[in-house]
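The structure under discussion appears below in the form of structure tokens.
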There are 2 protein chains.
Amino acid sequence: MGPGTPARRATIEDVAARAGVSRAAVSKVLRDAYGVSDSMRERVTAAMAELNYRPSIAARAMRGRTYTIGIELPDLANQFFTRIVRGATSALEGTPYQIILAPAETGSRLGYRALEALVDRQVDGLIAVSPRVDEDALERIAASVPLVMFGRLDTSDRYDVVAGDDLGGARLALQHLFDLGHTRIAHLTLPREDPDAPYPHSGRLREYLAAMAARGLEPEVWGTQDGADAAYRTTREAIDRGTRATAVFAAHDELAFGAMRALSDTGADLSVIGYDDVAMASHPGIGLTSVDQPGERMGARAVEMLLERIAGRSTAVREVFEASLKPRASTRPPRD
Amino acid sequence: MGPGTPARRATIEDVAARAGVSRAAVSKVLRDAYGVSDSMRERVTAAMAELNYRPSIAARAMRGRTYTIGIELPDLANQFFTRIVRGATSALEGTPYQIILAPAETGSRLGYRALEALVDRQVDGLIAVSPRVDEDALERIAASVPLVMFGRLDTSDRYDVVAGDDLGGARLALQHLFDLGHTRIAHLTLPREDPDAPYPHSGRLREYLAAMAARGLEPEVWGTQDGADAAYRTTREAIDRGTRATAVFAAHDELAFGAMRALSDTGADLSVIGYDDVAMASHPGIGLTSVDQPGERMGARAVEMLLERIAGRSTAVREVFEASLKPRASTRPPRD
DNA sequence: GTGAAAGCGCTAACAG
DNA sequence: CTGTTAGCGCTTTCAC
């Protein structure tokens, strides 16, 4: 690689010329296809190394694979999603596949643009993390690329699903609060959440409403925007409004962190429970009781499903992962 | 879009046929190129909409642009990096460019594979967030794609640089500790960090050593792995070893969080200061004093630099962002 | 076991 | 202002 080396990347043509074989031959070596003599493989491999050859993903894409798995993520600030990515990454180690992430922009049809961008880039498999996208759009996407829906509670025979047991998890959370003696429990969740929609938060809300109703208790839903800041403001407003709640069940840990901040600022003494058990929840300064979801295992499983689809499976698979309670200092018996 | 619609994506050919024009004409409309009549533009646009046409990124890549900006990230668990992404995303709003993220796998040559993956995918611009990659590799990459190095302290005329003022930031941190009366200050940083290397942590270490030396104080460097868990273990070991330090300056907030956990578990009373001021640092349960870096502005600026390069700039640019101290409860005068 | 050739969807230079 | 055409780098039959 002397100073005179052209900046241009080596192509399969260059490799073929160098090795004294045809382009097709090089392609076969590349794809480990049938019908290559050892001596040829050797020469070609040497030529590739000498030229620092790397196949063009774009050119490959025009014929088939890109060896790329795309993950659409709703919110990088939520550490639960990075657990998923970690699991997915480790499951892909040793394969020729590469993960790329597309963060969803905020706004309506959350995640649709990011999903589209990934499809446009012809990923070989797509993991969509609970996008607020209608089922038709997902079916359409699934028609052109293997798709794993993350956290989606509905079922389709076109795409696979990896989900947490949101109903069971919410039940654990509420049971924990009931056991401590709470009866006036608020639920902090995303705005205008529909308990019958197929989203994780919908399931948690549904179970919350059911559990409260089953005990003849009055539900109190605090609708907020996503993110700790919005949760902070919403919680403050509830306190300023003079809420009688003694505990708040946050739909995920980010929201719980915001709520805790508001409690600290106002001196209000409510118990808080979150969902996902992100790393910070167990920090001694925080001590947030949370419902754990095995994000790493879920991410790894999603990747496996994709690989199976790529390998030919055509039936839909759906796997639900159990949740478990991590009790900590943020939940305690009510004061009064 | 009836049930008989083929799953195949519409191509430029289909659009041309539908609109009764040539492929070239469609391409021109697509690229907003010179020489299209209003009536033609209208017909073509209508045809694209009817067919739900989306250009193939792969095919475009073979001729030039992919309208993709790639960001290589070392660690998703570190919330500072998500600040960068947030800034980059917002700066790209309204442009046809899409961001994709490639998380670096852990291991040696951290980030090199992710960078390569992005180059292979022919991104139009590349932001590399402090990869531990030698300068030659970066120069080589920069020869084929506009590159912004994030946090890199060296300079190249091939790529642009966005960096924080690590020396100034470290100086703020140490001055703060000195002002409080600390003299035995440990520095918690990555393993075998070389104070003369061009990485952000190297600069912080260099300034730490200089500041201690300037006051005739003995430096105490705690080398750890990246991540809060490793920082926890390292801090515990230092405490068990009976360190006489009264304060620890962590090279970033993640490490500081781990250190705080260890202090809490052992009951040791050391002051802790971090770097980056991620969101959790200001949480009342944490109250971590930290050196703030304007991650969002830095990310946005990096994207602008890339866009300028794409538009034709060929001179190198280097911009350094000031750091500022955020004093909180985690730093206080030494006990003895 | 190996090579020739077609074509994937698009852009850009050129001719009309 | 519009259409024709030549590739971009690769995979994949299909002959040899």
Side-chain angles (χ1 to χ4, degrees), chain A residues 6-45 47-48 51-68 96 119-124 144-145 310, chain B residues 6-45 47-48 51-68 96 119-124 144-145 310:
Chain A
R8 191 178 66 83
R9 282 170 76 114
T11 72
I12 201 171
E13 187 89 54
D14 302 327
V15 176
R18 177 103 184 194
V21 299
S22 73
R23 274 155 57 208
V26 177
S27 177
K28 281 189 180 172
V29 172
L30 217 46
R31 292 171 293 126
D32 228 346
Y34 175 79
V36 271
S37 64
D38 283 2
S39 77
M40 192 187 83
R41 177 190 315 281
E42 209 166 300
R43 269 165 43 225
V44 169
T45 310
M48 294 200 299
L51 294 174
N52 214 307
Y53 169 74
R54 316 214 82 223
S56 151
I57 302 285
R60 283 188 153 176
M62 301 213 53
R63 284 316 220 146
R65 307 235 150 311
T66 55
Y67 297 99
T68 308
V119 173
D120 289 349
R121 279 155 188 78
Q122 284 170 263
V123 294
D124 293 339
S144 73
V145 54
I310 292 171
Chain B
R8 191 177 66 83
R9 280 171 77 117
T11 73
I12 200 170
E13 187 88 54
D14 301 328
V15 175
R18 176 103 185 193
V21 298
S22 72
R23 273 154 57 208
V26 177
S27 178
K28 280 188 181 173
V29 171
L30 218 45
R31 292 171 294 129
D32 228 349
Y34 175 80
V36 272
S37 63
D38 284 1
S39 77
M40 192 186 81
R41 177 190 315 282
E42 210 165 301
R43 271 172 33 231
V44 169
T45 311
M48 295 201 297
L51 296 175
N52 214 306
Y53 169 74
R54 315 215 82 223
S56 151
I57 303 284
R60 282 186 154 178
M62 301 213 53
R63 283 317 218 147
R65 308 234 148 313
T66 54
Y67 296 99
T68 308
V119 172
D120 289 349
R121 279 155 189 77
Q122 282 169 265
V123 293
D124 292 339
S144 73
V145 54
I310 292 171

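The sequence lines fix the lettering, A, B, ..., with proteins before strands; numbering per chain opens at 1. As the structure is a computational prediction, the values presented were derived from the model and not from experiment.
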Please give, in whole Å, the distance from [N] [atom2] to [X] [atom1]?
X      : N     : atom1 : atom2 : result
A:E42  : C:dG1 : CD    : P     : 16 Å
B:R63  : C:dG9 : CZ    : C1'   : 11 Å
B:R9   : C:dG9 : CZ    : P     : 10 Å
B:Q122 : D:dC8 : CD    : C1'   : 9 Å
A:M48  : D:dG9 : CE    : P     : 17 Å
B:R41  : D:dC1 : CZ    : P     : 10 Å
B:I12  : D:dT4 : CD1   : P     : 14 Å

Hey, is the side chain of [X] poking within less than 4.0 Å of OP1 or OP2 on [N], counting only N and O atoms?
X     : N      : answer
A:S22 : C:dA4  : no
B:R31 : C:dA12 : yes
B:S37 : D:dT2  : yes
B:Y53 : C:dC10 : yes
A:R60 : D:dT11 : yes
B:S56 : C:dG9  : no
A:T11 : D:dG9  : no

Check your understanding: Can any side-chain N or O of B:R18 pair as donor or acceptor with the backbone N or O of B:D14 at less than 3.5 Å?
Key ->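 Absent.
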
Check your understanding: With no hydrogens and no angle check, is any side-chain donor or acceptor of B:R60 less than 3.5 Å from a backbone partner on B:R65?
Key ->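 It does not hold such a pair.
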
**Study point:** Test item: A:V44 and A:K28 side chains (from C-beta on) under 4.5 Å apart, heavy atoms
**Key:**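 No. Closest side-chain heavy atoms not under 4.5 Å.
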
Point to revise | Side chain proximity check, B:T68 to B:R121, heavy atoms < 4.5 angstrom | key: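 They are not in side-chain contact.
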
Review point. How would you list, by chain and number, every residue that makes a salt bridge (Lys or Arg N to Asp or Glu O under 4.0 Å) with B:D120, sequence neighbours excluded?
Key: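 Partners of B:D120 under the salt bridge (Lys or Arg N to Asp or Glu O under 4.0 Å) test: A:R9, A:R54.
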
**Study point:** A:R43 or B:R23, whichever maps to the more 5' nucleotide of DNA chain C
**Key:**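 The residue closer to the strand's 5' end, by nearest nucleotide, is A:R43.
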
Review point. For the side chain of A:K28, counting heavy atoms from C-beta on, which of D:dG9, C:dG3, C:dT11 is nearest?
Key: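 Of the options given, the side chain of A:K28 lies nearest C:dG3.
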
Review point. Quick one: which of C:dT11, C:dG7, D:dT12 gets closest to the side chain of B:L30?
Key: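 Of the candidates, C:dT11 comes closest.
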
Review point. When rounded to the nearest 0.5 angstrom, what is the spacing between OG1 in B:T11 and CZ in B:R23?
Key: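 Between atom OG1 of B:T11 and atom CZ of B:R23 there are 8.5 Å.
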
Exercise for review: Drop me the distance from A:Q122's CD to A:I57's CD1, to the nearest 0.5 angstrom.
Suggested key: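 Atom-to-atom, A:Q122:CD and A:I57:CD1 are 11.5 Å apart.
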
Practice item. Output, in order, the C-alpha distance, side-chain angles, deciding distance and verdict of side-chain hydrogen bond (donor to acceptor under 3.5 Å, both in side chains) for A:R31 and A:S27. Key: CA-CA 6 Å; A:R31 292 171 293 126; A:S27 177; 2.9 Å; yes

Point to revise | Given DNA chain D, 5'-ward residue of the pair B:A59 and B:A25, judged by closest heavy atom | key: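 Counting from the 5' end, the first nearest nucleotide belongs to B:A25.
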
Exercise for review: Using heavy atoms to find the nearest nucleotide of DNA chain D for B:V21 and B:M62 separately, return the residue whose nucleotide is more 5′.
Suggested key: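 The 5'-side residue here is B:V21.
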
**Study point:** Helical bend (five base pairs per end, nearest 10°) for the helix from C:dG1-D:dC16 to C:dG16-D:dC1
**Key:**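 What I find for the helix from C:dG1-D:dC16 to C:dG16-D:dC1 is an axis angle of 40°.
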
